[in-house]
Amino acid sequence: MLSRQIALALLASLSLTGCGSSISKGCSSASDVNPAGAALTDDIQKAEASGKLDRGKAAEAMARVMNAAQTYEQSHDVGAFCTEIAKIRKDSGV
């Protein structure tokens with residue numbers, strides 16, 4: 001539970017550094033970083049709530065989202081962030 005709150009806080013902080021855009025699963029520019037991360041976080045939570053993803057896998061995915069957000073905050077490497085978000089999405093099946 002705490003990892004979700006931390007990930008959400010980090011993703012919210014990304015909105016301060018990027019331009020606003022509508023929430024989308026696409027990710028290719030700095031303006032996509034926050035919406036892509038937020039959409040993935042939401043999808044992970046929905047998958048856990050529906051039973052599609054067990055709590056342990058959800059926590060692992062959320063930790064990876066948090067790590068990707070922290071790495072992006074330091075590097076501002078959009079490509080690496082988008083690649084990691086896509087990998088998390090694929091690995092978790094959401």
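In what follows, every heavy atom counts, from backbone to side chain, and hydrogens, waters and symmetry copies are set aside. What you see is a predicted model, and the numbers here were worked out from it, not measured in a lab.
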When the side chains of residues 57-64 are checked against the rest of the protein, which donor-acceptor pairs come out under 3.5 Å, sequence neighbours left out?
unit_1 : atom_1 : unit_2 : atom_2 : d
Arg64  : NE     : Glu84  : OE2    : 3.4
Arg64  : NH1    : Asp91  : OD2    : 3.0
Arg64  : NH2    : Glu84  : OE2    : 3.2
Arg64  : NH2    : Asp91  : OD2    : 3.2

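Taking both residues in full, the closest heavy atoms of Cys82 and Ser28 are given as SG-N, 3.7 Å, listed atom of the first, atom of the second, then distance. Here the closest heavy-atom approach between residue Val65 and residue Ile88 is recorded as N-CD1, 3.7 Å. When every heavy atom of Phe81 is checked against every heavy atom of Val33, the shortest pair comes out as CE2-O, 3.4 Å. In terms of heavy atoms, Asp43 sits closest to Arg89 at OD2-NH1, 2.7 Å.
A donor-acceptor contact shorter than 3.5 Å is absent between the side chain of Lys46 and the backbone of Val94.
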